[in-house]
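In what follows, a single structure is set out as structure tokens and then discussed.
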2 protein chains.
Amino acid sequence: MSPKVIDETTLHAREEEIMQTALEIISELGVAGLTIDKVVARLPYSKGTIYNHFTCKEDLLTGLCNRSVENVAALFERAITYDGSSREKMLAVGYAYMLHSQLNPTEFMLVISAKTPSVREKSTEKRQEEHLELENRLLGGLLKVISSGLASGELNLLPHLSPAQVAFSLWSMSFGTIALLHESLDRCSVRVEMQLERELINHSNILLDGLNWQPFTQDHNWQETIERFKKELFADEVQQLRAQSAPT
Amino acid sequence: MSPKVIDETTLHAREEEIMQTALEIISELGVAGLTIDKVVARLPYSKGTIYNHFTCKEDLLTGLCNRSVENVAALFERAITYDGSSREKMLAVGYAYMLHSQLNPTEFMLVISAKTPSVREKSTEKRQEEHLELENRLLGGLLKVISSGLASGELNLLPHLSPAQVAFSLWSMSFGTIALLHESLDRCSVRVEMQLERELINHSNILLDGLNWQPFTQDHNWQETIERFKKELFADEVQQLRAQSAPT
DNA sequence: TTATTAAGTGACGATGCGTCACTAAAAAAT
DNA sequence: ATTTTTTAGTGACGCATCGTCACTTAATAA
């Protein structure tokens, strides 16, 4: 059964297989329901083999988290190709983040879980570094748009505000909005009235206005821009989302 | 040892005692390190008694979370007593939130953990309702300030934006900023350059400008306002924070 | 004094984690 | 062709933790 040396490709494929199975378990039973024994039960590998890939449950979680961030980064990179103003591109990135969180609710929650110290501390050094690299890739996308906004004069940087700070403000706003309106978190009385897409666009517009990034909210038809996002950038994702909420 | 009927006050006191012990364990060992057995070991009560108060570990976590939200609410209520403009009061609330997160990092993380479905699902109905009530109390404070801003004309509500939406935008922005810059989360290369107090004030100002809430950032000395917060509202808390970071 | 009943106890079965002594089989050495 | 080496893979095991439940304790009622 076991050759002396295993193919690098096979190794990676199996790692993927393990993560996929873990993700399915989490979707069904929640993060707390994830058990190495359950993963083993669903796969033709033994516990020892699983532990050859991941040092512990937490390491597996971080692996899943990274896989998710990788997908987000790819979406961001698509978002910034939007044919429009720099502010529209910025909005596209936020919209991409939201789409991702809706299409992969389990994975979005995972990113929060994986940042928890108890999870992080136990993860491999290697996987933690990988995580930082991925986050930088995310921010790289944002910084590109900010530079182009500055270059075109559409964004007038406020005094004492660096491009990194602008990127961070958009990130944290999007993160907070999505996290608090996330379907798997509970809803308080205010939250039930809130709809993720609408609020995220609102918050983005408020923030971008406050950042002095033109065209301002009242000077542009943003609903039209969103429609174009749906058609030109994220047709597949929007389709999937419809399929997800409509059926049965 | 055991009377037939136990005093309501004693009961509550013991509940507090259990939560306090749990919090200490979490501070030392992280959320994952919390174990009912460890709680039992540190207290003169048996496991069965603990389980008379909390149905499971998760219920205990939610209890801790609620205790924390209660403290935040009290801080908020103090914040809105600030003698100044409505925008200053709004900033005071955000500042209070931040202070709380710095003074009680463990508890701030707990609120995130406790919102996780795996924790929430297992908690008592009673404690979940309690949680919703507490969150409403939080938002109540924000809504009060928003009304006064509207009444005084300092806040000009943008079209299609309700007071609740304004409150939510501030909440989610603060939450996102604090969560991403939280000391117990890991830092990516951008995050290391970011300082919580400075960024939170920046983000608040950007958002409040974008919301069209006067006086605008450039028309007021906000640093001075912050200094007054520290002296007039949160002298104790600032003192504690200094004591916490300085010693050793 | 006895009966009742709420409060408290801790041993126990069940589950999950991560390890390690062992097996299997490919490649290398003879 | 046979033996040796080496690496991948296995799963039973020891340990920790969870939540339960049959039982004890002691205050109140009868």
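The chains referred to below are lettered A, B, ... by the order of the sequence lines, with proteins before strands, and numbering in each begins at 1. All values below were derived from every heavy atom in this structure, side-chain atoms included, with hydrogens, water molecules and symmetry-related copies excluded.
- Distance OH (A/Tyr51) to P (C/dA21): 18 Å, rounded to an integer number of Å.
- A/Lys57 has no side-chain polar atom (N or O) that falls below the 4.0 Å cut-off from OP1 or OP2 of C/dG18.
- The NZ-P distance, from B/Lys38 to D/dG19, rounds to 14 Å in whole Å.
- Atoms NZ (A/Lys122) and P (C/dG16) sit 16 Å apart, rounded to a whole Å.
- Considering only side-chain N and O atoms, B/Lys47 lies nowhere under 4.0 angstrom from the phosphate OP1 or OP2 of D/dT20.
- Comparing C/dC17, C/dG8, D/dG19 against the side chain of B/Cys56 picks out D/dG19 as the nearest.
- Using a 4.0 Å heavy-atom cutoff across all strands shown, A/Leu34 reaches sugar-phosphate atoms only and no base atom.
- At distances below 3.5 Å, not a single donor-acceptor pair connects side-chain atoms of A/Lys115 with backbone N or O atoms of B/Leu180.
- Here the P atom of nucleotide D/dT17 and the CG atom of B/Leu60 are 15 Å apart, to the nearest Å.
- For A/Glu58, whose side chain is taken as the heavy atoms from C-beta onward, the closest listed nucleotide among C/dG18, C/dT9, D/dG19 is C/dG18.
- Between A/Asn52 atom CG and D/dA8 atom P there is a gap of 7 Å when expressed in whole angstrom units.
- Comparing D/dC18, C/dT9, C/dC17 by their closest approach to the side chain of B/Thr49 singles out C/dT9.
- Close to C/dG8, at under 4.0 Å from its OP1 or OP2, lies a side-chain N or O of B/Arg14.
- Between C/dC17, D/dG9, C/dG8, one nucleotide has an atom nearer to the side chain of A/Thr35 than all others, and that is C/dC17.
- The interatomic distance linking B/Asp7 (CG) with D/dA27 (C1') rounds to 14 Å, in whole Å.
- You'll find the ring centres of B/His100 and B/Phe108 outside the 6.0 Å limit.
- The distance between atom CG of A/Asp59 and atom P of C/dC17, rounded to the nearest whole Å, is 14 Å.
- Listed nucleotides: D/dC18, C/dC17, C/dT9. Nearest to the side chain of B/Asp37: D/dC18.
- The salt bridge (Lys or Arg N to Asp or Glu O under 4.0 Å) analysis of residues 64-75 of chain B, with sequence neighbours excluded, yields the pairs B/Glu16-B/Arg67.
- Remark: A/Arg78 fails to qualify as a cation-pi partner of A/Phe234 under the 6.0 Å distance and 45° angle criteria applied to the six-membered ring.
- In summary, the side chains of B/His203 and B/Thr177 do present a donor paired with an acceptor at a separation below 3.5 Å, with no hydrogens or angles considered.
- Atom CD1 of B/Ile50 and atom C1' of D/dG19 are 13 Å apart (whole Å).
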